[in-house]
Amino acid sequence: MRGLSCYIFEKSMPVCDTLIRGARVIDGSGGEPRVADVAVAGDQIIAIGADLDCVAGEVVDGSGMVLAPGFIDVHTHDDTNVIRTPEMLPKLSQGVTTVIVGNCGISAAPVKLKGAPPDPMNLLGDASVFRYPTFAKYVAAIEAARPAVNVAALVGHTALRNNHMDWLDRAATASEIEAMRGQLVEALDRGALGLSTGLAYLSASSATTDEVIALAEPLARAAGLYTTHLRSETATILEAMSEAFRIGRECAVPVVISHLKCAGLDNWGRSGEVLEALDAARGSQPVSCDCYPYAAGSSTLDLRQVDERVEIRITWSESHPEMAGRTLAEIARDLQIGQIEAAKRLRPAGAIYHSISEEDMRRILRHPATMIGSDGLPNDPRPHPRLWGTFPRVLGRYCREEGLLPLREAIHKMTGMPAARFALSGRGLIRDGYHADLVLFDEETIRDTATYADPVSAAEGIAAVWVNGVLSYRDRAPTGERGGRFLPRSSGRQGIEERT
Ligand code: ZN
Ligand code: CU
């Protein structure tokens, strides 16, 4: 890739499509900001420097603003939404330029349903949206939809189980594992990032550690990775972490613990020991985690998580859609029954559980191994505010207002770090020759506006977002241009810069 500096000495004036002038560039590496111009030609960054001289199709004044690599949302459930709602406003409006789908054991591909999608695959939509029996078909659908953001995908263990097993409440047999492996390998060949599990859910909790190891074994050869919604985020979280690390060691693959938290009132205050266990593992194997910046989780309504001491707000209910937005306590009181009984009547349903301590969440958020992932649920009629608010909330509330971590570190957790961990080469940094995924924002005003009461609300302070060089969002509105692509896993990990 020729840098603009090479052109300077040529006779004619260099040409670029977009020149962003005078922004404070925070390049995603974790390094110090510097004021510079950034030139983009086609889908790439071609030069970074002071007072660049070039004939630009468009000049954007970045003075007083921060220019960062577009954010990578490492934990999403946007699998079918990137195709059905390719504008992807909940993410684009936050400065997100890449989403990683297929988390928590659930993915849209490869999937062949026999009936309704089992819990929690129903978070991705109803049976009609599962149209991708092979990973290749899913990739083709993304390419045809041209979403506004880039998409990289994991394959879900629960999705594979559901393809090959009659009942999910048992361990898979050797021949079922063989069939699942075949599908996983086929997906890896088409660019899948790796395997995700959701061992806490009843649809996967009967899987043994050996089942997961047997399935995850081909990941190493493909340079894939293993992400996991742990078997437990409550009392036995340390055991669940050991299981995840063992899977990583035995399969020789990097491990990402999804939405690391200490859930449930009885586990508040345990983030110290949890992070110690993470650090101990990091000493001998590649291990990291992601986190969303809220003290409440959200998923399907799980009877095991009903606790009268915790506020649980219903986000959707198949049998009682009118209950969305109300708390389980209110509903139970109205019906004059207990909360468990009320939950049984509402299911299948979704909920927000205010079951995390703010202190634990902050400690995990600022830990050097933690990436940022929204875990947003785009199909919920009343979603958890993390869907629209995660990234600006970290930058506004936790960096600017509370000083929890420096801006350049927070941006590294959203860009360079996830690009390295997930093997997305040419992304996540502002460098010559890197893809022009960029976000321009005002660090003084950036803030999330989505709340539990009013969750569908775009962030403030995002001035412009480019995806593969395409200006996609400006002044709180999409431009209508969409530049996203399917991102295959980079083969091998060489050439990918890693800092922490
Ligand atoms: Zn999960
Ligand atoms: Cu999730």
Side-chain angles (χ1 to χ4, degrees), residues 43 70-111 117 120-156 159 187 190-194 196 227 258 290 372-380 383-384 386-388 390-391 414 418-419 422 424 427-428 435 437 439 456 458 465-470 472-473 478-489:
D43 63 357
F71 306 139
I72 298 172
D73 188 348
V74 297
H75 192 110
T76 85
H77 295 289
D78 293 326
D79 300 58
T80 65
N81 302 78
V82 292
I83 297 160
R84 294 188 293 136
T85 54
E87 306 77 21
M88 290 300 293
L89 256 189
K91 298 299 166 71
L92 189 64
S93 62
Q94 297 181 54
V96 169
T97 56
T98 297
V99 296
I100 293 176
V101 302
N103 283 284
C104 296
I106 60 176
S107 56
V111 168
M121 283 177 71
N122 53 6
L123 291 175
L124 305 182
D126 64 19
S128 70
V129 306
F130 289 88
R131 298 179 189 155
Y132 318 106
T134 64
F135 195 80
K137 285 220 158 67
Y138 181 61
V139 173
I142 290 170
E143 279 163 358
R146 283 187 51 90
V149 296
N150 300 310
V151 184
L154 297 154
V155 173
R190 301 303 300 246
L193 298 176
S196 79
T227 75
S258 298
D290 61 71
I372 310 300
S374 71
D375 203 7
L377 298 173
N379 300 306
D380 284 9
H384 186 302
R386 66 195 184 186
L387 176 67
W388 286 81
T390 290
F391 291 81
M414 302 172 174
F422 285 88
L424 302 173
R427 310 268 168 191
H435 291 276
D437 293 342
V439 54
V456 177
V465 184
W466 291 264
V467 181
N468 294 306
V470 176
S472 307
Y473 188 81
T479 62
E481 302 292 320
R482 305 202 302 258
R485 297 173 188 165
F486 174 76
L487 304 186
R489 185 192 70 258

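Here the straight-line distance linking atom CG of Asn468 with atom OG1 of Thr98 works out to 7.5 Å at 0.5 Å rounding. Rounded to the nearest 0.5 Å, atoms CZ (Arg386) and OG1 (Thr76) are 11.0 Å apart. To the nearest 0.5 Å, atom OG of residue Ser107 and atom CZ of residue Phe135 are 8.0 Å apart. Note: Thr227 OG1 to Leu154 CG = 4.5 Å, rounded to the nearest 0.5 Å. Rounded to the nearest 0.5 angstrom, Lys91 NZ and Tyr473 OH are separated by 14.0 Å. Note that OG1 of Thr97 is 11.5 Å distant from CE of Met88, once rounded to the nearest 0.5 Å.
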Using the rule given for side-chain contact (heavy atoms from CB on, under 4.5 Å), can you reason through Tyr138 versus Val82, listing the C-alpha separation, both sets of side-chain angles and the distance that settles it, and then say yes or no?
CA-CA 11 Å; Tyr138 181 61; Val82 292; 3.9 Å; yes

Derivation and outcome, side-chain contact (heavy atoms from CB on, under 4.5 Å), residues Val101 and Leu124
CA-CA 10 Å; Val101 302; Leu124 305 182; over 6 Å; no

Verify side-chain contact (heavy atoms from CB on, under 4.5 Å) between Ser374 and His384, making sure each step is shown before the conclusion.
CA-CA 10 Å; Ser374 71; His384 186 302; over 6 Å; no

Run Asp43 and Arg485 through side-chain contact (heavy atoms from CB on, under 4.5 Å) and show every step you take.
CA-CA 11 Å; Asp43 63 357; Arg485 297 173 188 165; 2.9 Å; yes

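When every heavy atom of Ala159 is checked against every heavy atom of Val111, the shortest pair comes out as CB-CG2, 3.8 Å. Minimum interatomic distance between Pro110 and Val155 (heavy atoms only, all atoms of both residues): CD-CG1, 3.8 Å. In this structure, Phe486 and Glu143 approach most closely via the heavy-atom pair CB-OE2, 4.2 Å. Nearest heavy atom pair, residue Thr80 against residue Ala108, reads CG2-CB, 3.9 Å. Across all non-hydrogen atoms, the minimal contact from Ile100 to Asn103 is O-ND2, 3.1 Å. Among all heavy-atom pairs drawn from Asn150 and Gly483, the shortest one is OD1-O, 4.2 Å.
Two residues are said to be in side-chain contact when any heavy atoms from C-beta on lie closer than 4.5 Å; Arg190 and Thr134 fail this criterion. Within the 4.5 Å cutoff, the side chain of Leu193 has heavy atoms near those of the Leu424 side chain. Residues Ile83 and Val151 have side chains not in contact (no heavy-atom distance under 4.5 Å, counting atoms from C-beta outward). Counting heavy atoms from C-beta outward, Phe422 and Val74 have side chains that approach closer than 4.5 Å.
Formation of a donor-acceptor pair under 3.5 Å by the Glu481 side chain with backbone atoms of Val470 is not found in this model. Judged purely by atom type and a 3.5 angstrom limit, Ser196 uses its side chain to pair as donor or acceptor with the backbone of Gly102.
Residues satisfying the side chain to side chain contact (heavy atoms under 4.5 Å, CB included) criterion with Pro383, sequence neighbours excluded, are Asp380, Leu387, Pro455, Val456. Taking the salt bridge (charged side-chain N to carboxylate O under 4.0 Å, His left out) definition, one finds that Asp290 meets it with nothing, sequence neighbours left out.
The number of heavy atoms from other shown groups lying within 6.0 Å of CZ (Arg482) is above 12.
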